[in-house]
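Right, one structure below, let's go through it.
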Amino acid sequence: MGSARKYELPFKLQNPDLLHNQSCVGGEWVNAKSGKTFEVVDPGTGKAWIECPTNNASDVDAAVKNSHQAFLEYKKISPRQRAQFLYKWDQLIRENREDIATILVYETGKPRSEAYGEIDYSTGFTWWFAGEAERIQGSNFIPALPNRRIFTIKQPVGVAAALVPWNFPIAMILRKAGAALAAGCTMIVKPSPETPITVLALAHLALKAGFPKGALNVLTTDLDKTPELSEALCRHPLIAKVTFTGSTRVGKLVAKICSDNLKKVTLELGGNCPVLIFDDANIEQAMSQIFALKYRHAGQACITANRIYVQSGIFDKFLEKWNAETDKIIVGHGSDEKTTMGPVTTPRGAQKALELVEDAKKKGAKIHKGGNKIDRKGGYFFEPTVITGVTPDMDIANEEVFSPICTFIKFETEEEAVKKANDTSMGLASYLFTKNVDRMWRLFESLEAGMIGLNTGNSSAAESPFGGIKQSGYGKESGKDVAVNEYLITKTGTFTLEENA
Ligand SMILES: O=CCCC(=O)O
């Protein structure tokens, strides 16, 4: 822990060594050159509980040089040794599950049960990429020209920068860092201002796992300095690869900046994901899957259900069931074990939710449930909200909601449903529920998204490629080969063989 304690910690950790509130560079815990700090706030109370360094562009060069120095050594380490570091890291994260869950609750606001869920999902990545490390392979060919041989080798691209969001801070880091470290790259992470402490806890455990100092550096900063720090990372000549998860607007800026130096980029951007529920669906199955997807982290997931299309034959029944289940949600502080839905993570998130509801109301939508902020102990709570009568002119029909607002739209035919589902610039995930196998296959092919849930609301897993199409970004994270490839270059060797030496 850096600096004398100014705030009272609202929780106790079993392993207090996990708690760091300075940046991590080369295995050292450091302050920003300016000495400035920002506050990390509990979304369930609105109260600051710790502070972290406000790094700016002038802090970037030293940190990146350190990551690069570490890369020159790390790239020589054998894949088996890299796998062993990843397995050890995985084990330490699992051993510290309780404490990491506690920090997650106080940074993101999510209920403790969801914090456990995130950690268990995330260790899937460390486990998976440990396996991937030893399976990175080139290839060889016998070409058309006589006496020639062609072969390829895969090499780590260099230092990667990760710009990560606050909604799943453990999962997003482990998905990116797992792949990078398996590939032999080092990584420098800029966490969101809302969630630096979870990321610093992971950096602490990475050092304990034996990763060389500088293999995983972390530079924290506040909302104000995020653009300049991120741009400095993207422009730094020793950064070879940038991976970003966040909005399409910022993703485009990242891509533009990186294009100046033709850097490799992976972009996981906005969702606006549709769900299509047909008359022949198993209603119970669709309900439980989509309910869990929609209200996970109070609706703050890029792959959440943003627009729920239900066929006319079951629309009323489905809505009635949904409303009844919604009534059972217990909104509260994430640390209260009765809580089933926490606050949204930021005050701007709660305000945006309110504005979307107000706009929809003004334009004629019907609000069945909720629609307001909840004024409780200074936290950023928003009511679980159910809306019908949404029309294309409403903001809520076109924007990512990122809050616990569910919009239901009736449809008549498959053709109409597909047209509406695809009527968006985004293409991250789509979901469909039907027992007609031909329709399922047709929709799997015709829905425009990088990931399609077929009678399921949760398709994220370490072993399946994660990523969108259209303006939801490019590149894949997780899955076999594809994710690690994002951190590799392919080098081609051509050899002329002297046959009669
Ligand atoms: O919010 C985006 C990530 C969600 C997930 O990995 O399932």
Side-chain angles (χ1 to χ4, degrees), residues 43 93 104 107-111 113-129 162-179 189 191-192 194-195 198-199 202 243-251 266-275 289-306 342 344-346 349 352 399-405 426-431 449-454 456-479 482-483 486:
I93 295 165
L104 259 181
E107 283 191 330
T108 63
K110 65 182 63 177
S113 57
E114 284 193 31
Y116 290 138
E118 179 178 344
I119 297 164
D120 297 344
Y121 165 49
S122 308
T123 43
F125 297 120
T126 34
W127 185 262
W128 176 260
F129 286 117
L163 311 173
V164 285
W166 44 257
N167 56 349
F168 295 91
I170 301 283
M172 296 305 98
I173 290 292
L174 294 185
R175 189 154 74 194
K176 293 173 190 304
V189 181
S192 256
E194 288 79 8
T195 52
T198 39
V199 179
L202 293 179
T243 171
F244 170 75
T245 298
S247 71
T248 298
R249 185 187 68 79
V250 176
T266 303
L267 298 173
E268 300 294 353
L269 309 178
N272 196 14
C273 307
V275 178
Q289 291 284 318
I290 297 307
F291 201 82
L293 173 74
K294 176 65 229 185
Y295 286 117
R296 174 184 178 212
H297 196 8
Q300 302 172 107
C302 50
I303 55 160
T304 197
N306 215 50
V344 294
T345 304
T346 66
K352 182 180 171 201
E399 287 180 31
E400 216 179 353
V401 172
F402 236 64
S403 56
I405 305 175
M426 307 289 181
L428 188 58
S430 296
Y431 305 88
M451 296 171 285
I452 312 287
L454 310 163
T456 186
N458 184 359
S459 45
S460 304
E463 50 277 35
S464 71
F466 188 103
I469 58 171
K470 295 163 85 176
Q471 300 211 8
S472 291
Y474 44 72
K476 289 284 183 193
E477 296 191 309
S478 66
V482 285
E486 300 274 334

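Whatever order the structure lists ligands and atoms in, that order sets their numbers, starting from 1.
Remark: minimum distance from atom 7 (O) of ligand 1 to any protein heavy atom is reached at Ser460 OG, 2.7 Å. Counting only heavy atoms of the protein, atom 6 (O) of ligand 1 lies nearest to Tyr121 OH, 2.6 Å.
No part of Glu118 comes within 4.0 Å of ligand 1, judged by heavy-atom distances. Neither the backbone nor the side chain of Thr245 comes within contact range of ligand 1; no heavy atom lies under 4.0 Å.
Residue contacts with ligand 1 leave out Ala171, since none of its heavy atoms falls under 4.0 Å from the ligand. Proximity of Glu477 to ligand 1 is not established, as no heavy-atom distance is less than 4.0 Å.
Tested against Phe125, the residues Trp128, Trp127, Tyr121 include a single ring-ring contact (aromatic ring centres under 6.0 Å, His included) partner, Tyr121.
Of all atoms in ligand 1, numbered sequentially from 1 with element shown, those under 4.0 Å from a heavy atom of Ala301 are 1 (O). Taking a cut-off of under 4.0 Å to the non-hydrogen atoms of Phe168, the atoms of ligand 1 that pass are 1 (O). Annotation for ligand 1: atoms under 4.0 Å from non-hydrogen atoms of Met172 are 3 (C), 6 (O). Residue contact check: Arg175 has heavy atoms under 4.0 Å from atoms 6 (O) of ligand 1. Interface of Arg296 with ligand 1, defined as ligand atoms under 4.0 Å from a residue heavy atom, comprises 5 (C), 7 (O).
With respect to the salt-bridge test (charged N to carboxylate O, under 4.0 angstrom), the residues Arg175 and Glu268 do not qualify.
Counted by atom type alone, Glu486 and Thr266 present one or more donor-acceptor pairs between their side chains at under 3.5 Å. A side-chain N or O of Thr198 and one of Glu107 form a donor-acceptor pair less than 3.5 Å apart.
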**OP:** Determine, step by step, whether Lys176 and Glu477 satisfy the salt bridge (charged side-chain N to carboxylate O under 4.0 Å, His left out) criterion, reporting the C-alpha distance in whole Å, the side-chain angles of both residues, the deciding distance to 0.1 Å, and the verdict.
**Re:** CA-CA 7 Å; Lys176 293 173 190 304; Glu477 296 191 309; 2.8 Å; yes
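Judged purely by atom type and a 3.5 angstrom limit, Thr123 uses its side chain to pair as donor or acceptor with the backbone of Ile119. Judged by distance alone, with hydrogens and angles left aside, the side-chain atoms of Asn458 form no donor-acceptor pair with the main-chain N or O of Gln289 at under 3.5 Å.
At a 3.5 angstrom cut-off on N or O pairs, Gln300 does not count as close to ligand 1.
Taking every heavy atom of both residues into account, Gly178 and Phe129 meet most closely at O-CB, 3.4 Å.
Comparing Cys302, Ser122, Pro165 against atom 1 (O) of ligand 1, the shortest heavy-atom distance belongs to Cys302.
Under the 4.5 Å side-chain criterion, counting only non-hydrogen atoms from C-beta, Lys110 is not in contact with Pro43.
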